[in-house]
2 protein chains.
Amino acid sequence: MPRQVDHDSRRRTIAEAVCALADRDGLEGVTLRDVAEEAGVSMGAVQRCFRTKDEMLVFALTHVSEQVAARIRRAHGLGRVAAEIALLTEGHRAQARVWLAFAARAAVSPPLAAVLRAHYAEAHALLTRLIQATGDDGPDAAGDAAERARTLLALADGLTAHVLIGHLTPHAAQAVLDHHLATAPAR
Amino acid sequence: MPRQVDHDSRRRTIAEAVCALADRDGLEGVTLRDVAEEAGVSMGAVQRCFRTKDEMLVFALTHVSEQVAARIRRAHGLGRVAAEIALLTEGHRAQARVWLAFAARAAVSPPLAAVLRAHYAEAHALLTRLIQATGDDGPDAAGDAAERARTLLALADGLTAHVLIGHLTPHAAQAVLDHHLATAPAR
DNA sequence: TGGGTTGCGATGCGCATGCATCGGAATAAT
DNA sequence: ATTATTCCGATGCATGCGCATCGCAACCCA
């Protein structure tokens, strides 16, 4: 075995193993042993990369947040961006489940909440920019755009949850999102 | 000890202990021992009331769902109902955390998902009725009302999550909700 | 009043968990 | 080539878990 190992790439590998397990069984099904097996490394390696389990979870959440953020930045147009945030397509279902699992734990875990807040702050900023660019000017264009961004962000997350729970089909959720975007006024 | 015990009331007591713990430490902090202690009964009593832990969790979720549903039915006006669903006030924070915890687990637990779906179906029906009553008639008034209800429900849940995570203050979330209700068109 | 029955509280069991430890293998330096 | 250093895989440990078991206490009924 090499004396020098690329720790960063290994951390990413482990983070994706965490996500795979969280997708399958929820965050409570994530154990160090299972993570190690899923990642194809030994438990010792996992422990070397992360001092504690919480540290591993925080890294994993940061990792998936960055993945989502990257996709969001790559998307063009308010509608596309909103759809990416809502994680409605089948291919993003896993990330959606991971997001929901982490969101629930964040409600009782300040470190995880901090990561999510940063993620939301960035998403909100991007949405605000896009909404302002659509040019619905008013007496308080900036404030209105920020408000509309908050609405859109919350709507997208709510739709994600409703799809995961099975209350809405992905198609119905997409329709709600489209309809909202088509009709939401600036004020 | 009495040979006959009111099992239903004891089940409710236990369900509220589950909620208290889930509020404090999340659903993963809910153990049979802690639930028994919180409820002021012995572990054996908990096991007598519920054959298994999952059965207890399903009952607890049903219990809190009914509490929320009762408050929703008691509220008057679309705005009040939506606010109740969003669980934004400080007094309902505990129920909000419990809801988020259960929602996350429901994504990987069909029995819990079934309970939540029933809850959402009822809430959606109520919101649809209220929206239709506001009298925004159109070419497809019924369909529009249902669509608007889906939007409002998802928005309310998203706002709940964002408050719990700390991305929004309860006040800001309420403002988003009010603004949405004040400006959302029928089509 | 005394069984019979029912409910329950305490205890035990097997197992899984997170974390700590340690011996050895694989390189880099000399 | 040898040594020294770095890394890691396996194992051990204490704890906490859900669930099963069992003996005792309390009530209904005769």
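Heavy-atom basis, side chains included; hydrogens, waters and symmetry copies ignored. Order of the sequence lines sets the chain letters (A, B, ...), proteins ahead of strands, with each chain counted from 1.
Dashed line: the shortest gap from a side-chain N or O of R48(A) to OP1 or OP2 of dT6(D) is not under 4.0 Å.
Taking the side chain as every heavy atom from C-beta outward, L152(B) and I85(B) never approach each other to under 4.5 Å.
One atom, CZ of R11(A), and another, C1' of dC8(D), lie 16 Å apart when rounded to the nearest Å. When rounded to the nearest whole Å, the span between CE of M56(A) and C1' of dT17(C) equals 12 Å.
Using a distance-only test at 3.5 Å, with no hydrogens or angles considered, no donor-acceptor pair links the side chain of R148(B) to the main chain of T128(B). One N or O on the side chain of H124(B) and one on the backbone of A146(B) form a donor-acceptor pair closer than 3.5 Å. Side-chain atoms of R150(A) never come within 3.5 Å of backbone atoms of A173(B) as a donor-acceptor pair (strictly under, hydrogens ignored). Side-chain N or O atoms of T52(B) include none that pairs as donor or acceptor with a backbone N or O of E55(B) at under 3.5 Å.
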Pair up each side-chain donor or acceptor in residues 110-120 of chain B with any protein partner under 3.5 Å, not counting sequence neighbours, and list the distances.
residue	atom	partner	partner atom	Å
R117(B)	NH1	I165(A)	O	3.1
Y120(B)	OH	W99(B)	NE1	2.9
Y120(B)	OH	D157(B)	OD2	2.4

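DNA chain C lies under 4.0 Å from no heavy atom of any residue of residues 12-22 of chain B.
Comparing atom distances between the S42(A) side chain and each of dA10(D), dC7(D), dC8(C) picks out dA10(D) as nearest.
No salt bridge links R74(A) with E84(A); every basic N to acidic carboxylate O contact stays at or beyond 4.0 Å.
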Tabulate atom names and distances for all N/O pairs under 3.5 angstrom spanning the protein and nucleotides 17-21 of chain D.
residue	atom	partner	partner atom	Å
dG18(D)	OP1	K53(B)	NZ	2.6
dG18(D)	OP2	L32(B)	N	3.0
dG18(D)	N7	R33(B)	NH1	3.0
dG18(D)	O6	R33(B)	NH2	2.9
dC19(D)	OP1	T52(B)	OG1	2.9
dC19(D)	OP2	K53(B)	N	3.0
dA20(D)	N7	Q47(B)	NE2	3.4
dA20(D)	N6	Q47(B)	OE1	3.3

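Separation of atoms CE (M56(B)) and CG (D54(B)) is listed at 9.0 Å; rounding is to 0.5 Å.
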